[in-house]
Every structure is written in structure tokens, then in C-alpha cells.
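Following: one structure in C-alpha cells, then a few remarks.
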Protein chains: 2
Amino acid sequence: MATIRDVARLAGVSVATVSRVLNQNGYVNKETEQKVIRAIEQLRYEPNAVARGLAGKQTGTIALILPDITNPFFPEMARGVEDAAQAQGYTVILCNSDDQGQKEKSYIEMLRKKYIDGIIFASNTLGQEDVEQMRSNNIPLVVLDRAPTRQLCSVIRSQNYEGAKLAVRHLLDVGCRKIAHIYGPQELITAKKRLLGYEETVMHFPWYTPSLMVPGHFRVDGGFDAVKELLKRHPDVDGIFCGNDLMAVGALKALYQLGVRVPEDVALIGFDGIGLTELTQPELSTVAQPIYEMGVLAAKVLMETIETGVMEPRLYELEVTLVARESTKRRAEA
Amino acid sequence: MATIRDVARLAGVSVATVSRVLNQNGYVNKETEQKVIRAIEQLRYEPNAVARGLAGKQTGTIALILPDITNPFFPEMARGVEDAAQAQGYTVILCNSDDQGQKEKSYIEMLRKKYIDGIIFASNTLGQEDVEQMRSNNIPLVVLDRAPTRQLCSVIRSQNYEGAKLAVRHLLDVGCRKIAHIYGPQELITAKKRLLGYEETVMHFPWYTPSLMVPGHFRVDGGFDAVKELLKRHPDVDGIFCGNDLMAVGALKALYQLGVRVPEDVALIGFDGIGLTELTQPELSTVAQPIYEMGVLAAKVLMETIETGVMEPRLYELEVTLVARESTKRRAEA
DNA sequence: TTGAAAGCGCTAACAG
DNA sequence: CTGTTAGCGCTTTCAA
């Protein structure tokens, strides 16, 4: 491993000069630059990132903290983050928090010690105080899918409220006359907005009643149980809007078990647009978020913050799109 | 941010002493140790990992190179790696190689510059020369699911051959009398072994013919297409063993489209044991590898190599288990 | 334009 | 047992 010293020696200049051509800053004579470049190539010199980090520069590493990479929603996002990071020479550290505040804190602690350049937070339990702490530690932060925490950091999310309306209207369009909603944890802004979108769209219908809303915890088994409960309460439901795709998958299973046909008896639609929705039978309609792009954007925003040093909190709200598939394919007959 | 110097000053000792208590090495008087510890706590001192790395110690960072985190097989493994790493204070860098040799090389290059402590390789295109290069660079390596490359590094995989036999025998047990196989890329040792297991189990049956083996590229669409082709060739097939679960999912879709009932008309079994197999309708039988554990083991072996410094190449072959679900649930009637 | 030199924070001989 | 000191490899004033 050649060092900057070796290069300097071979090129017959000082390390400072080599550093200058490396970082493209400060004045350096064209000719000397050439000499240096040749030396670099000759020695196959590669600057040592750790030393750079110590000398006050950045480490070129960002962290992605998410609840659980095993949840089918996250791999795509992680991939977006990684691709964008990689494209700019950054490296991504993966952290699974299981949505446990304590794990998150210990990760943050660890990351700070490692001089991580910034963090993308896609986990849910980040507290106000954590944000402030990171802020005071001056470590850039971008969060996904959370409420803008008093404008302390940039937030990226998509149109959850509008998407929910889109989903419910779609169900109405295909002829549903009694639509239920399986919702996620109300601590999550996403789940809340989707519930709100549902409520506001259906509350004026005569058939509407609060017991059409059942919790499903954003999980497959939650969706499964929710449907069982729901059809007990309302055997005449003919449309279900699930707050996320995972629950929709569970709902589908439950409906199958109950002998309810989808979409003939009950039309079903989810939210998120994860790949899984194309694998079920029937394929699931959904409101797709640009998950990959959200990851890419998060990484880009973070890297910009890191490089410019200006942390201007902004809110990015991405568009969602209705993806109509078999699970809602039926004629409006009303 | 307090530094080791601050601690030394406050405790009235030298930095060397502080370093000693920090790293629990060298002799240190109990009382001095206490003073130091108190100073550390008082200043909330946290050693700077980057400086440590530069000073020759390890960086406490390992990399996981895999083809694509978006492939449902990998999140679980990644989770295993991360959990094990985290438990020992290591941090994991995620790299998606898309199985492109060039991307892998550029990652390795980058990781080396960052003084990564070791690499777990779950990608497929790692060449012999790469392994040797890493070896000469003295960077520990553990590979997953590959042939033991001339014993240059530790290898972790599971019983692919035995698992394949298990799958095929299971199909025979439930009464199948003409069993096909959809296989993965033959460059992959896993795919090859599974194909071999199939062949050796069925080759003596009168119905056996090579055209019962169709490629499916380890992908959902590959499995889908393979089934279409297969049933054209052999309409009387009544059992299909897919080389992985992803292809089984695709196969299931194709069978459904063709109006072939599973398991009544055709029994279907996959390989891997990814979560997806529980979400389809009917649920898929599979030969489950301990995916999470493979990740954990890989991380542990790697960390041990890093810490002891001895790189003794070993081969770990984990057991697989037959998971019989609906997709093969039928009486043997022969 | 270039070089000398002072760190960045920590570890590890080596000497006491 | 403890302190001094020389790096690890790079960046960045400050002079020249």
C-alpha cells in the first residue's frame, strides 16, 4: 500500500502538493500536477479513507436505520439508498432497529463514534430529543415517513392521504357499496393519514360506521385476523382498503379461507406497491409509493447536506399512483 | 467531544494509561484505573473509532456483498449477519453487486481503502483471482454458497444435494409418478447440486427423460416460463421440484393460469424456505435452509478470523429441513 | 505555486 | 505499574 508520502517522493514534490491534486483544491501548476498524477498511477496509489476521516474530512459513510430489512417494504428502499450512495462514492451501513428506541439510541451512539457522515432514518421511534441531539452533534439527518419534527431535519414521504382517497374511490368506482378499512399503528403518521383519507371519503355514505375500521398492525397476520373480525361484524362488506400491502396479503389469505371470492365478492386493495403484490393470486391492486425513489432521494438529500454543510430542513412529498390489478377487477354494476 | 487527552489530564495520568484501561491490556493499578474510569464517565468520553482505525487497530466494520437485497432470499441472511455483528460491536456495510464482477471489484477496492475488517461474500461472481488478491491483502473473507475455492477461505452453505433428494422423495411419497425439475443457473454450485440430487433420485425410473429438466434462472418469471414450456412437453407431469422458492412462486402462477390445480393435479415444492412460501395460495412446500443462521454463522466465523488473526479455511455445511405444506398435500394413491 | 509542519485521536513500543 | 514518544496517512494553515 503506497502512501501519499511515497507519491510525493516519487513525484519530487511535497505531500501537500499531492494532497492538493488529490482534492482538486488550492493552486497547483499543470506540470507538477501531471508529475503527481503519473506517480499516483505508477504506484497505484489509493488514498486511505480512514486517515482522511481522521484528518477532519468526511468518512464517506452514511447509515440507514430501519426497523427490519426482513420486512418486504424495506429492501427496495435500501436498494435505492445504496445505489445513490454508491454512485457518489459513499458507503452505507445497515441498521435494524426493530423499532426499539433503545436499539436506535445505541446505534446512533456507535455511529457517532465512527464519525458517520449522516443518517437516514426510516424507523419510527425516533424521539424529538434524539433529533435535537443529533442536531447538536451536527450530524446530518434525513427521515422517511415521519411528521416534520418541528422542522429540524428534512423529511421524505409520499402522499398518504391522497393515496388513501385514491384507493377508496377506486373501490367505489368498481362498484363497492360497503367499504372497510384495515389500518396500521396510529403512532405512524403514514397509517394515520391513510385512515384519515379513508374516513373522509366514506363518512358521508349511509352505510358508514366506525366499526368498519379494524386494526391490522401493518402486518400479514394482522391483516388476516382483521378480516376474520371484520366479516363477523359486517358480512356484507364488499370492498376492503388495507393500509399497507402486507396486511392486504394477510387479508387475501383470510378471505380465501372464508370462501369469499376476490374480487367477485370482495374487492381488495393495499398500499405501498411492494413487489409481493404481483405474486399473489389474484394479484393485488395497490396504491404504489415510489419506494426505490424515496431511498434514492433520501440519500441524495443527505449527501447534499453533508457536502454543502447547510442543513436546510425541507419536506419532500412524493406522488403515489393507483395500480389496478385483479383484486379489484370487476364491473361497476350499481 | 472529549478526547483521550482530556481524560488523561482530568485523571492526572498519561494518555497511555488511559489507553490501557480502555483496551484492558497492560498493567494498570486498580486505583489509577478507578480514577481513569471516573474521568471517563465524568467527561462522557467515547473513544474515536476512526482514530483507532488509523492507529492500526481494526475499524469494527465488515461488509456484506450480495447480489441484490431486493431478492427475497437475502434480507433474512442480511439480518442474521447484522444481528451477529451488532452483538459484537461490529457494523455492517451493505453492498449490492447485481452479480456483476466489475461492481464487486470496485466495491472491494473501496472497502479496502476504508480499512474494512473483513468481507462476507454472498455474491456469485467472485473469481479465484479476487480471492487470492484479498488473501494477499490480508483481508479476511467468508463466502456463502460457493464451492470451496481451493481452500482459500471459509465457506458456508447448506446441504443442497441432500435437500434436493429430500424434495424429490417427498414428491414420490405423496404419489407423484412423473416429476420434473426447474433448475437454476448452472454456474451456481447450489443450483448444480440441486439438479444433481434430482437427477440421481429419478434417473432409474422408467418415466425419466432429460426433457423433464427445464431452466428457470432462479427467478419468478423464469419459473413461470419454465412451467409453460414444461407442460407443453409433458402434459402428464404430476410433480415439480423447483430449484428455489422464487421459481416455485412463478410456477404456481403459471399452473394457476393453465387451470392446473395444485396439489391435486400437480404437486409443487421449492427450495430455500423464504417467507414468501407462506404467503401464496396454496402455501408452498419447500426444503428450508437455515438462512438467518447462515448469516449469523458467516458473521461469527468472520469476526473470529478477524480477532484471532488466524484464517483457517473451513467448510460449514448446514442442514436443511423438509417443510411440507399444502402445495404437496395429497394422498399417495399409487 | 509550493513546502514545512502542526495536528486529527489513538495505540504501542520503549524506557523508566 | 506508568509516562514519553513516535507514528498511523492525510489535510491544512502559514510562510516562503
Side-chain angles (χ1 to χ4, degrees), chain A residues 1-37 39-40 43-61 89 110 112-117 137-138 307 309, chain B residues 1-37 39-40 43-61 89 110 112-117 137-138 307 309:
Chain A
M1 279 296 78
T3 76
I4 198 173
R5 247 182 199 56
D6 301 326
V7 176
R9 202 171 308 141
L10 180 60
V13 302
S14 75
V15 296
T17 303
V18 178
S19 176
R20 283 188 197 103
V21 347
L22 243 35
N23 300 293
Q24 312 266 38
N25 60 13
Y27 299 99
V28 62
N29 185 311
K30 277 285 166 225
E31 285 183 25
T32 3
E33 178 167 7
Q34 281 313 310
K35 279 195 296 186
V36 172
I37 289 177
I40 288 177
L43 295 170
R44 287 193 199 312
Y45 167 73
E46 304 278 2
N48 175 327
V50 178
R52 264 191 170 161
L54 219 213
K57 277 295 208 201
Q58 275 117 228
T59 54
T61 307
M110 178 168 223
R112 203 169 47 69
K113 279 196 266 188
K114 293 208 174 178
Y115 274 31
I116 234 65
D117 292 340
N137 268 299
N138 205 19
E307 280 161 20
Chain B
M1 277 297 77
T3 77
I4 197 173
R5 248 180 199 56
D6 301 326
V7 176
R9 202 172 308 140
L10 180 60
V13 301
S14 74
V15 295
T17 302
V18 178
S19 177
R20 283 188 196 102
V21 346
L22 243 36
N23 300 293
Q24 312 267 34
N25 61 12
Y27 301 97
V28 163
N29 185 311
K30 276 287 166 225
E31 284 182 27
T32 357
E33 178 167 7
Q34 280 313 311
K35 278 196 296 188
V36 172
I37 290 177
I40 288 177
L43 296 170
R44 286 193 201 313
Y45 166 73
E46 304 277 2
N48 175 325
V50 178
R52 263 192 172 160
L54 219 214
K57 275 299 211 200
Q58 276 117 225
T59 54
T61 307
M110 179 168 224
R112 203 169 48 68
K113 279 196 267 189
K114 293 208 175 178
Y115 273 32
I116 233 64
D117 291 339
N137 268 299
N138 205 19
E307 280 161 20

Pair L22(A)-Y45(A), side chain to side chain contact (heavy atoms under 4.5 Å, CB included): steps then yes or no | CA-CA 11 Å; L22(A) 243 35; Y45(A) 167 73; 3.7 Å; yes

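Going from atom CD of E31(B) over to atom C1' of dT2(D) covers 14 Å, rounded to whole Å. In this structure, Q58(A) atom CD and dT11(D) atom P are separated by 12 Å, rounded to whole Å. For K35(B) and dT2(D), the NZ to P distance is 8 Å, given to the nearest whole Å. Between the P atom of dG3(D) and the CZ atom of R5(B) lies a distance of 14 Å, rounded to the nearest Å. In this structure, the CG atom of N48(A) is 8 Å from the C1' atom of dC8(D), given to the nearest Å. At whole-Å resolution of the value, NZ in K114(B) and P in dC10(D) are 15 Å apart. Distance, D6(A) CG to dC8(D) P: 10 Å, rounded to whole Å.
Toward the 5′ end of DNA chain C lies the nearest nucleotide of E33(A), the other residue of the pair A49(B) and E33(A) mapping further downstream.
Near DNA chain C, defined here as any heavy-atom distance below 4.0 Å, the residues from residues 20-30 of chain A are R20(A), Y27(A), V28(A), N29(A), listed numerically. Listed in residue order, the members of residues 8-19 of chain B having a heavy atom less than 4.0 Å from DNA chain D are G12(B), V13(B), S14(B), V15(B), A16(B), T17(B).
At least one side-chain heavy atom of V13(B) sits under 4.5 Å from a side-chain heavy atom of V18(B).
When DNA chain C is scanned 5' to 3' for any atom under 4.0 Å from a heavy atom of chain A, the first and last hits are dT1(C) to dG9(C).
The side chain to side chain donor-acceptor pair (under 3.5 Å) search around R112(A) returns E109(A), not counting sequence neighbours. Under the salt bridge (Lys or Arg N to Asp or Glu O under 4.0 Å) criterion, K114(B) pairs with no residue at all, not counting sequence neighbours.
To the nearest 0.5 Å, atom CD of residue E46(B) and atom CG of residue N48(B) are 10.5 Å apart.
Each end of the helix from dT1(C)-dA16(D) to dG16(C)-dC1(D) gets its own rotation axis from five pairs of C1' atoms, and the angle between them is 40° to the nearest 10 degrees.
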